[in-house]
Visitor: 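Before anything else, here's the structure in question.
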Amino acid sequence: MAADSWARHAIWWHVYPLGFTGAATDGSSATPGRGLRHLVGWLDHLVGFGANGLLLGPVFHSATHGYDTLDHLRVDARLGGDEQLDELIAAAHARGVRVLLDGVFNHVSAEHPWVRDAVTGGPTSVAGRLVRWDGDRPATFEGHGALVALNHDDERVRAYVGDVMTHWLDRGVDGWRLDAAYAVPASFWAAVLPGVRARHPEAWFLGEMIHGDYAEYVAESGLDSVTQYELWKAIWSSLVDRNLWELAWTLGRHDELVATFLPQTFVGNHDVTRIASTVPAELLTHTVALLALLPGIPSVYAGDEHGFRGVKEERVGGDDEIRPAFPASPDELSPIGLPVYRVHQELFGLRRRHPWLVDGSVGVSELSNTAARITVTSRGGGEALTLALNLGTEPVPAPAGARLAASDPAWADAGSVPPNGWAVHTG
């Protein structure tokens, strides 16, 4: 893995900046939010639960929601412009927090200058060859008329993306999340990344993969990691259905991936219904235990650490509930979420004390519909932790090792795992 000295031990706090800062995203107004400076006051909050990375959603000049980019070399005025990004990077680095930018390089806004020139000149024009075509019209991304797909076979597109990535790495960011990587040929990244890495060998590159062969894409593209959507689905689905066989099967797949690269693991992000609105309330902290203890590079979506709720809907504005504005400081958060935050502190603290978990080997035993023991063993052997899950209404026997954490403090010294509970043991 590139950037091995730091990226393998990153724990990311994932923020959608336009929503977080309260900026208008519907295109009807350029109403500014609080700006990226607003995030400086939240850096101690993410460090407080064990994170050391800030994964930013789109910050560049765009037409509406950030994923319809107009200019990759300018921070959106709604977020305070370039100066406020510089301030945020400096403040993050002062706390030992790395910063990742979201690179939307699969498509651009239909109002982007390239697209306008392409429409004027046609498919065979100089500008026309910068985008993909569907007959006599620029091709759109997954049917979204406002998003036009770039032509990733064009050398000018490759050079441009490489220049953009290098520009912001020169400016101080530590790496890139690559939006919709699954829609971009792996050969594109294989052509672009070597030049970027030559200038910034410590940079880390994460690709958004919803479907496809994760390991093959990483190998062919040269990316460091991809989003582990398969595990995300198995975690919430197995808890909702109380079917831990699904989770166990997926953990076998996950173990194979970890042997070749370190996937980015998550239980929430800016594109999906909040985990607290998905799983039963009594099983919410099970998701924290899984995220904190399973191998990979974990990411916590801002607000999930306080049990935020929100449902994604397939309509215009359907993402608003999962991308809310945040108050001026963490002190203004409701105390209702503090117990969930403290579980994050406890379990990510446990992860920090056992850094080998990042690439440990996973095994499942004592498996039933509602109970399982998930053991993560260091690749070199000699160290192991077991997470015992109980989704049932009766206690189940606990593992033999010393108990390090439990869902219910009243069961801290018990020889069993409480109903709808979990426990972490040595060995």
Side-chain angles (χ1 to χ4, degrees), residues 1-14 50-53 55 204-207 209 213-219 223-236 238-239 244 246-269 275 285-301 344 346-365 367 372-389 399 401 404-405 422-427:
M1 168 192 276
D4 186 72
S5 61
W6 66 268
R8 63 187 280 113
H9 299 301
I11 296 173
W12 298 97
W13 194 53
H14 182 186
N52 61 347
L55 196 171
W204 187 66
F205 300 93
L206 163 70
M209 290 288 288
D213 188 326
Y214 296 172
E216 180 180 67
Y217 194 89
V218 168
L223 296 178
D224 295 304
S225 182
V226 295
T227 52
Q228 227 301 28
Y229 265 91
E230 189 175 274
L231 180 61
W232 161 78
K233 192 272 179 184
I235 289 175
W236 67 257
S238 64
L239 297 182
L244 289 173
E246 178 184 0
L247 178 61
W249 187 89
T250 304
L251 287 176
R253 294 257 301 172
H254 186 64
D255 190 53
E256 294 175 0
L257 295 177
V258 171
T260 59
F261 74 96
L262 297 181
Q264 186 225 10
T265 56
F266 62 97
V267 295
N269 65 30
I275 192 67
T285 60
H286 290 59
T287 70
V288 185
L290 287 163
L291 182 63
L293 299 178
L294 287 175
I297 299 177
S299 166
V300 175
Y301 183 50
H344 279 76
E346 179 181 27
L347 291 173
F348 281 105
L350 188 62
R351 184 183 186 89
R352 287 291 183 209
R353 295 191 294 276
H354 299 84
W356 52 265
L357 286 168
V358 69
D359 61 357
S361 179
V362 181
V364 181
S365 61
L367 178 62
R373 294 182 185 178
I374 301 168
T375 299
V376 184
T377 306
S378 60
R379 291 281 167 177
E383 296 188 82
L385 292 181
T386 295
L387 170 63
L389 299 178
L404 302 180
W422 53 264
V424 183
H425 288 248
T426 59

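We use all heavy atoms of the structure for the numbers below, so side chains are in, but hydrogens, waters and symmetry mates are not.
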Visitor: Report the C-alpha distance between Val362 and Val258 in whole Å, list the side-chain angles of each, state the deciding distance to 0.1 Å, and finish with yes or no for side-chain contact (heavy atoms from CB on, under 4.5 Å).
Guide: CA-CA 9 Å; Val362 181; Val258 171; over 6 Å; no

Visitor: If only side-chain N and O atoms count, and only distance matters, is there a donor-acceptor pair under 3.5 Å linking Thr377 with Ser361?
Guide: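 Per modelled atom types, Ser361 and Thr377 side chains form no pair under 3.5 Å.
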
Visitor: Measure the OG-CE distance between Ser225 and Met209 for me, rounded to the nearest 0.5 Å.
Guide: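 It is 11.0 Å, given to the nearest 0.5 Å.
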
Visitor: Locate the shortest heavy-atom distance separating Val424 from Leu350; write the atom from each residue and the value.
Guide: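 Of all heavy-atom pairs spanning Val424 and Leu350, the closest is CG1-CD2, 3.7 Å.
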
Visitor: Would you call Arg253-Asp213 a salt bridge at under 4.0 Å N-O?
Guide: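 No, this pair does not count.
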
Visitor: Exactly one of Tyr229, Trp13, Trp12 should register a ring pair (Phe, Tyr, Trp, His ring centres under 6.0 Å) with Phe266. Which one does?
Guide: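 Checked Tyr229, Trp13, Trp12 against Phe266; only one passes ring pair (Phe, Tyr, Trp, His ring centres under 6.0 Å): Tyr229.
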
Visitor: Set out, in order, the CA-CA distance, both residues' side-chain angles and the distance that settles side-chain contact (heavy atoms from CB on, under 4.5 Å) for Thr227 and Trp232, then state yes or no.
Guide: CA-CA 9 Å; Thr227 52; Trp232 161 78; over 6 Å; no

Visitor: Report yes or no: does Arg373 contribute a side-chain atom to a donor-acceptor pair with the main-chain N or O of Ala388 at less than 3.5 Å?
Guide: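 No; zero donor-acceptor contacts below 3.5 Å.
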
Visitor: Can you tell me if Ser378 uses its side chain to pair, donor with acceptor, with the backbone of Gly381 under 3.5 Å?
Guide: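 Answer holds: yes.
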
Visitor: Please answer whether the main-chain N or O of Pro295 pairs with a side-chain N or O of His254 as donor and acceptor at a distance below 3.5 Å.
Guide: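 Indeed, once roles are kept as given, a pair shorter than 3.5 Å links the two residues.
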
Visitor: Which heavy-atom pair separates Leu223 from Tyr217 by the least distance, and what is that distance?
Guide: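 Taking every non-hydrogen atom into account, CD1-CE2, 3.7 Å.
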
Visitor: What verdict does the side-chain contact (heavy atoms from CB on, under 4.5 Å) test give for Arg351 and Val358, after you've listed the backbone C-alpha separation in whole Å, the side-chain angles of each residue and the deciding distance to 0.1 Å?
Guide: CA-CA 9 Å; Arg351 184 183 186 89; Val358 69; 4.3 Å; yes

